[in-house]
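First the structure, in the form of structure tokens, and then the observations on it.
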Amino acid sequence: MVDYKAPLRDMQFLLEELAGLDEIAGLPGCEEASGDLVAAVLEEAGRFAAGVLAPINRAGDVQGCRLDGDGRVHLPDGWKAAYERFSEAGWIGLSLPQAWGGQGLPRVLSTAVWEMWFSTNMAFAMLPQLNVSQAEALLIAGDAAQKETWLRKVVSGEWGSTMNLTEPQAGSDLAATRCRAEPQADGSYRVFGQKIFISYGEHELTGNIVHLVLARLPDAPAGVKGLSLFIVPKYLLGADGEPGARNDVRCISIEHKLGIHGSPTCTMSYGDGGGAVGYLLGAPNRGLETMFIMMNEARFGVGIQGVGLGERAYQFALAHARERVQGRDPVSGESGRPILCHPDVKRMMLSMRARVMAMRALLYAAAGWFDRARHHPDAEVAAKCRRYVDLLMPVAKGWCTEVGNEVCDDAIQVFGGMGFVEETGIAQFFRDARIITIYEGTTGIQGNDLIGRKILREKGETLHELVADMGTTLEALHVAGGLDEIAAGLAENLAALRLAMDWVLGEGGERPGEVLAGAVPFLMLLGTVCGGWQLARAALAAQRRLQGGAAEGGGEGSDPTYLQGVVELVRFYFATFGPQAAAHAATVCRAGPSLERFPEAAF
């Protein structure tokens, strides 16, 4: 196995130059995020990831989870001890409010930290990620009593969290939800029904599990507008606020999955013995809006999983490429050289690194928008950042997970036949990565959301605003000089994006079927362009440091070799992946009519 080394140099460079860490540290509520504190947190997180989470990742994959006859789910060896250390260290509440036991640090910092967790043990990190997402929902939708009852224990990790949406007969169609909730005289509800694909729906790591469950009230309207959201704990609370009697909720099976074996994916049954006690969260029949607070938090986290798994696969492949000796160096003819000297292997390694850097750059920039949206005193700046977050959330989730899959696939190829052998360890990352394009909404769902809710609904206003900002970066590239290939690549990408954008906006009203047929290609187009945009900004920053900032800044991030490597990496991205933008744009504009005309009977 390959020891994990946190990519701190890349992280700190992108946090400083793209996310705007210094600016964010000056915002109200973010003052504690000094450069020294950020560096210390990243270093400690890297040690924890490498020393605690990475060593048990393999055991989690091999052992998996087990449901016994008493309905208890047994997790892999080392999970409990690691979770106790994780929660006691306060990692769950890193970006959550201090008033509820969190540390109140910016999202830009927690994004980098969560990348480390997902790199080293995705199956484990899925549980605390759910706590962070649920805490955000409770903060926004919970009343004062609910926050006092549930929030502090969720933030600390003393209690676990889940979200329960999917049902066997409904799948992704939440309008078909049948789970019901019956009001009681004391103001509580009794919940009845089944939910499937519930991550960490049952386990013994925490003293309680707080389930958020979508269900229908007796007088609810049909469809998604009739869904309400309920807090349904595993254990009911006593007068002292501590867990007491077992609620009427149980796990009736766990899935046998392709990957993430260390994470129990449960089928949950509510109300088999008279009704599971639940408490309404938010307004009646507005449950989907509340659940989407948690869902959007989770979707951003899943995007980070794409980066984390891609980074870990890259590290495995790089170690193998440096150690594996085979053939002759095609340039010098020398034998006994590692396969990294072969042009195709070097191409794959650089392709992996470039795409991981593009994903990381986009997500770190988006994390900076999160922080500005929440803390910036200028309402217009905050609103613009919120618009960017909303527009690009499907891209953060959909593009980063698809690209993360591709990177893990390339890692298998670097290993050759040994990549197909479980003992090398690389196969686990490939298997774990396969789920991330599916859960929290498939890439198709993300594409439909991007086209329908984010672009057509507002007639492309935010997208035009975003494209204008990319144009500003293009102008900066021309002014800077010496980055002509990058400028040309970004210009070509913007032209492709404008072409597809104009087609979608022009045809969306009259030909919705044809437009939605290109929803995923459009999502991949926008991800490719936005990733390249952020890399172009990175190249500008690297060049600035090379031309004078390096001497002033010092440190690893000012190493001329590193900075020149950043510039060359960006050139490689535009040479290798930039041309895909035009192909995606052509697919968006041309494939829909053929899809619409193709008869179902011909399948």
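We count residues from 1, following the sequence as given. Small disclaimer: the values here were computed from a predicted structure and weren't measured.
Sorted by first and then second residue, the salt bridge (charged side-chain N to carboxylate O under 4.0 Å, His left out) pairs with a member in residues 477-503 read Glu485-Arg571; sequence neighbours excluded. Listed by first and then second residue, the side chain to side chain donor-acceptor pair (under 3.5 Å) pairs that reach into residues 513-531 are Arg511-Glu514, sequence neighbours excluded. Pairs of residues two or more places apart, or lying in two chains, that qualify as salt bridge (charged side-chain N to carboxylate O under 4.0 Å, His left out) and include a residue from residues 106-116 are Arg107-Glu297, Glu115-Arg360. Annotation: side chain to side chain donor-acceptor pair (under 3.5 Å) contacts involving residues 578-587, sequence neighbours excluded, are absent. Applying the side chain to side chain donor-acceptor pair (under 3.5 Å) test to residues at least two apart or on different chains, the pairs with a partner in residues 391-405 are Glu402-Thr443.
Arg372 contributes a side-chain N or O that, together with a main-chain N or O of Gly368, makes up a donor-acceptor pair within less than 3.5 Å. Using modelled atom types, no side-chain atom of Asp61 and backbone atom of His261 make a donor-acceptor pair closer than 3.5 Å. Side-chain N or O atoms of Lys5 include none that pairs as donor or acceptor with a backbone N or O of Gln315 at under 3.5 Å.
Residues satisfying the side chain to side chain contact (heavy atoms under 4.5 Å, CB included) test with Ala581, not counting sequence neighbours, are Asn493, Ala496, Leu525, Val529. In this structure, the side chain to side chain contact (heavy atoms under 4.5 Å, CB included) partners of Val41, at least two apart in sequence or on a different chain, are Leu37, Trp91, Leu94, Leu109, Val113. Applying the side chain to side chain donor-acceptor pair (under 3.5 Å) rule to Trp114 yields no partners; only residues at least two apart in sequence or on another chain are considered. Ala517 is linked by a side chain to side chain contact (heavy atoms under 4.5 Å, CB included) to Leu595, counting only residues two or more places apart in sequence or in another chain. For Asp449, the salt bridge (charged side-chain N to carboxylate O under 4.0 Å, His left out) partners two or more places apart in sequence, or in a different chain, are Arg453, Lys454. Applying the ring pair (Phe, Tyr, Trp, His ring centres under 6.0 Å) test to Phe522 and every residue at least two apart in sequence or in another chain returns nothing. Under the side chain to side chain donor-acceptor pair (under 3.5 Å) criterion, Trp369 pairs with no residue at all, not counting sequence neighbours.
A donor-acceptor contact closer than 3.5 angstrom is absent between the side chains of Gln12 and Glu16. In the model, Arg431 has no side-chain atom that pairs as donor or acceptor with a side-chain atom of Gln428 under 3.5 Å.
No close placement of the Phe197 and Tyr439 rings is indicated, their centers lying 6.0 Å or farther apart. Ring centroid separation for the pair Phe48 and Trp117 comes in under the 6.0 Å cut-off.
Within a 6.0 Å sphere centred on CD of Glu596, heavy atoms belonging to other residues, nucleotides or ligands number more than 12. By the neighbour-count criterion of 12 heavy atoms within 6.0 Å, atom CZ of Arg590 is sparsely surrounded, having that number or fewer from other residues, nucleotides or ligands. In Arg387, the CZ atom is crowded: over 12 heavy atoms of neighbouring residues, nucleotides or ligands sit closer than 6.0 Å.
Looking at Asp469 and Arg537, no side-chain N of the basic residue comes within less than 4.0 Å of a carboxylate O on the acidic one, giving no salt bridge.
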